[in-house]
Amino acid sequence: MRKLLLPSLIIVAASLLVIRIFYLQIIDDSFKLKSDNNAIKIKYDYPERGYIYDRHGKLLVANQASYDIMVIPRDVKNIDTLEFCQLLNVTKEDFIKRMAKAKVYSPRLPSVFLPQLNKSEFAAFQEKIRKYEGFYFQKRSLRDYEVDYGANVFGFITQVNEKLVAKNPYYNSGDLIGKQGVEESYEDILRGIKGVKYFQKDKYNREIGSYKEGKYDTIAVQGEDINLTIDAELQKYGEQLMINKRGGIVAIEPKTGEILALVTAPSYDPGILVGRQRSKNYTLLYHDSIAKPLYDRGLLAEYPPGSPFKILTGLVALQEGVINEQTTFMCHHGFSYARGRFMKCHGFGPHQLHNGIYNSCNTYFASAYMLTINKYAKPAYAVDVWSNHVKSFGLGQFMGYDLPTGKKGNIPDSKTYKKIYPNGGWRSTTIVSNSIGQGEVLMTPIQLANMMATVANEGYYYTPHIIKKIEGHKIDKKFTTKHVTTIDKKYYKPMISGLFDVYNFGTAHGLNVPGIDICGKTGTAENYAKIDGKRVKLEDHSIFVAFAPKDNPKIAIAILVENGGFGATIAGPIASLMIEKYLRKKITRTDLEKRILERSLQDRYAKLGGMKEASLIETVPKDSLLSKKIANPIIKTAAPIITIDSTKEN
C-alpha cells in the first residue's frame, strides 16, 4: 500500500496540473488577453450618470457632453509641443508636469492628460488630433446643474485618487467619482457601469480591428435615476433667506423622516465645480477658512442646544414621575443652588409645566432635572437613566442617515463624569447645567430637527434620509423602521400645548402665521473665540426649533444663524417663513420676508474675519465641567462652536 501512495500522489498532481493548463489555454484565454496587452488598445465607454430629481419630480441634475484628452506616454513621438499647448491653452511647464504624472502611472497604459473639455474647447483640437501620436480623446458626460442651489445636497464629481485606483479595480486613473452629498452616498447607483472595447494593433501600432471579434467587449449601462426627498422650492427659499448670513436649516417630514430641506450658508453654485475650472474653484472654496462654504453646518456643527433642550428635560422628568403638569416651582429671576451659585432667569413667580415652557423658565427645568437625578440613591445610576431617555431620541450617536458626513453630538452619562471625577464627589448640583442644554450636551442641527419631529409624532421617529425613490430598487428598510422613545405618549400632549403657546404668549410672540398653528422654542447662544491668547465674546447665535401644524404635523424644522442675536430675532422669523412656504406655497407676511431677505450680517462676519486667530474656537461649552477638568480644551477646528449663556432670553 505504501508503495502505491507516492506514485498515486504524483499522478493526481500531474493530472490536476494538465487540466488547469488545458483550461487556461483552450477554454479560458483571459490571461492571453493580458499577455497580449502590448498589442491591444483598450477604450472605455463611460455611461451617463443617473439624473437627480426632487420629491415632486423636478429635474435638478442632468448631464452634458465633455471630452478627456488621453495619453499613452510611450507612444508620444515627434509632436509640435508649442502648437499642442496653444491648442489646449496649457503652458509648456504644465505639459511637462502632466506627462511626468502620466509616465508615473504607466508608460504604456492610457491616462487622462487633460480632463473635462467642453465642446468649444475640444473643437479646435479635434481637427488636428491626427498630428499628435500617442494622444486621443474619449467622450464623457459631466454634470449639468439645472439649479444654482443645493450644492451641499448634491456634492460634486472629481477624479479618483491613486489610492482608490489601487483599492478598487472598477476605477482607473482619470475616472470620475462622486464626492460629498448624494453623489458620494449613491455613487454605485448613479455611476452606472462603464463599457470596455478591445482593439487589435499591428506592429506599426495601428488599430486593425476589434480583438477576438469583440468577445471581451462589454456595453455601458447608464446610471439609475434617483428622486430625493428634498422639496426644491423650499430648499431654494431657505438658501435665499440665508443670503449674507451663516448657519444651517434642516427641515424634516415627521411622519416619514424625509429631509425636506438641508441648507448650509454660505453655500455656492454647484455649477462652478464642473469643467476645467473645477480644481481652481474647489481650491478657493477649500481654503476659505472663515466662511467655510464646503462645511455643511446642518450636519457637522456640534453645539450646546440651549433652551430647546428643556423640552427633553421636561419629558424625562414627567416619565420618571418626579413632576406632573401641576407641579409648581417659584422663580425669583433665577435659581439658587450649590453654595450660593445662581442661575439667572427672566422668569418670576410660580411656574408650572405649561408656562415654564412658553416662558422658558430656567428655574423650572433646573428643579425638574435635579429631582430626576435625586430620585435615585446613586447619581451615576441616575444620570445613566436620564441619558438613556435622551438617547432614545437618536441623540449622542450617528443617526444613520444617507449622507456621507455627520457628527454624533454628545449626551453625557456616568462614564463622562467618572473621567472628570475619578474619585467621585459629583451630584445633581454639579451637573445641573445639562437641564437647560448646557453642560456637556452637544447636538447638531439635524438632531435638533429630528428631536422636534419626534415630539410632533408624540414619541417616535424615522431615521432622517434624503432618498425617496430609486427606479428598480427598494429603499433601505432602516429608513422605514419606526424608532420609539422611552417616554410614554401621554406626556407629549402637555409639552406640545406649552410649545404652541410659545407663539401665543411666550418668547416667539409676534412670529405667528395667521391660520397655521405652530409649536416652537427659541434659543440664544453665546459664541467665544480665542484671540491673541484671550477669550473674547462675539455676537450671540440665534436658534429656533418648531413644527406645524400642531395637529397632524407635516414639517419639523431647526434653524441656527451664527452671530444672529436672540432666537426670536432672525432664526424665529426664518422658521415661520419656511413653514408657511412649505404648507401654503406662498408667503402672506411679506413684511417679515422683506426684513429677513434684506438683513445682512456681513459686517459682523467681516469684523470676525479681521481678528487674528479667530478660527481658534472653544470646542467645550463655557459652563462645561470638561472645560474645567481636561487640559488644553482649545482646539483648532473648522466647526462653528457655540456656548450658551443662561442669563440670556432662552
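Each residue takes its place number in the sequence, starting with 1.
Taking the side chain as every heavy atom from C-beta outward, Leu285 and Leu273 approach each other to under 4.5 Å. Between Leu315 and Phe393 there is a side-chain heavy-atom pair separated by less than 4.5 Å. Within the 4.5 Å cutoff, side-chain heavy atoms of Gln235 are placed close to those of Asn152. In this structure, Val441 and Pro412 have side chains that are in contact, with non-hydrogen atoms separated by less than 4.5 Å. Contact of the Ile559 side chain with the Met578 side chain is not registered, since no non-hydrogen atoms from C-beta on lie closer than 4.5 Å. Using a 4.5 Å heavy-atom cutoff, the side chains of Asp231 and His56 are in contact. Phe547 is not listed as a side-chain neighbour of Ile252, based on a closest heavy-atom distance of 4.5 Å or more. Using a 4.5 Å heavy-atom threshold, the side chains of Arg143 and Phe154 count as separate.
Counting heavy atoms of neighbouring residues, nucleotides and ligands inside a 6.0 Å radius, atom NZ of Lys478 exceeds 12 of them. The neighbour count for Lys255 NZ, taken as heavy atoms of other residues, nucleotides or ligands under 6.0 Å away, is above 12. By the neighbour-count criterion of 12 heavy atoms within 6.0 Å, atom NZ of Lys550 is densely surrounded, having more than that number from other residues, nucleotides or ligands. Lys391 NZ: more than 12 foreign heavy atoms inside a 6.0 Å radius.
Rounding to the nearest 0.5 Å places CE of Met370 at 9.5 Å from CD1 of Ile431. In this structure, Tyr491 OH and Asp488 CG are separated by 5.5 Å, a value rounded to the nearest 0.5 Å. From Leu312, atom CG reaches atom CD of Gln319 across 13.0 Å, with rounding to the nearest 0.5 Å. Atom OG1 of residue Thr405 and atom NZ of residue Lys407 lie 7.5 Å apart, to the nearest 0.5 angstrom. Atom CD1 of residue Ile518 and atom CZ of residue Phe500 lie 9.5 Å apart, to the nearest 0.5 angstrom. To the nearest 0.5 angstrom, Asn362 atom CG is 11.0 Å from Ser433 atom OG.
Taking the six-membered ring for Trp and thresholds of 30 and 60 degrees, Tyr503 and Phe544 have ring planes more than 60 degrees apart, a perpendicular arrangement. Between Phe156 and Tyr282, the ring-plane angle classifies as tilted under the 30° and 60° cut-offs.
Residues Val545 and Pro308 approach most closely at CG2-CB, 3.8 Å, considering heavy atoms. Closest non-hydrogen pair, Ile579 versus Ala548, comes out as CG2-CB, 3.6 Å. Between Ile543 and Pro305 the shortest heavy-atom distance is CD1-O, 4.2 Å. Taking each heavy atom of Tyr295 and Leu300 in turn, the nearest pair found is OH-O, 3.1 Å. Across every non-hydrogen atom of Pro549 and Leu583, the tightest pair is CD-CD1, 4.2 Å. Considering every non-hydrogen atom in both Leu403 and Leu299, the closest pair reads CD1-CD1, 3.9 Å.
When only modelled atom types and interatomic distance are considered, Tyr605 and Asn563 share no side-chain donor-acceptor pair under 3.5 Å. In this model, no donor atom of one side chain and acceptor atom of the other lie less than 3.5 Å apart for Tyr51 and Glu146. For the residue pair Ser360/Thr507, the side-chain donor-acceptor check at 3.5 Å is not satisfied.
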Next item on the list: Mind running side chain to side chain contact (heavy atoms under 4.5 Å, CB included) on Arg584 and Val513 for me, showing each step along the way?
Entry: CA-CA 11 Å; Arg584 289 180 173 166; Val513 179; 3.7 Å; yes
Next item on the list: Run the numbers on Ile230 and Ile466 for side chain to side chain contact (heavy atoms under 4.5 Å, CB included), then give the verdict.
Entry: CA-CA 7 Å; Ile230 292 292; Ile466 207 162; 3.9 Å; yes
Margin query: I'd like to know whether Tyr369 forms a side chain to side chain contact (heavy atoms under 4.5 Å, CB included) with Ile436, so could you lay out the CA-CA distance, the side-chain angles of the two residues, the decisive distance to 0.1 Å, and finally the verdict.
Written below: CA-CA 9 Å; Tyr369 178 79; Ile436 57 173; over 6 Å; no
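Checked against the 6.0 Å centroid threshold, Tyr364 and His351 do not count as a close aromatic pair. With ring centers used as reference points, His354 lies under 6.0 Å from Tyr358.
One finds no salt bridge joining Lys581 and Glu233 here, because no Lys/Arg side-chain nitrogen approaches an Asp/Glu carboxylate oxygen to under 4.0 Å. Using a cutoff of 4.0 Å between basic side-chain nitrogens and carboxylate oxygens, Arg589 and Glu580 are not scored as salt-bridged.
Because its NZ or CZ atom is both nearer than 6.0 Å to the ring centre of Tyr582 and within 45° of the ring axis, Lys585 counts as a cation-pi partner of that residue.
The only option from Lys245, Arg297, Arg246 that meets the salt bridge (charged side-chain N to carboxylate O under 4.0 Å, His left out) definition with Glu562 turns out to be Arg297.
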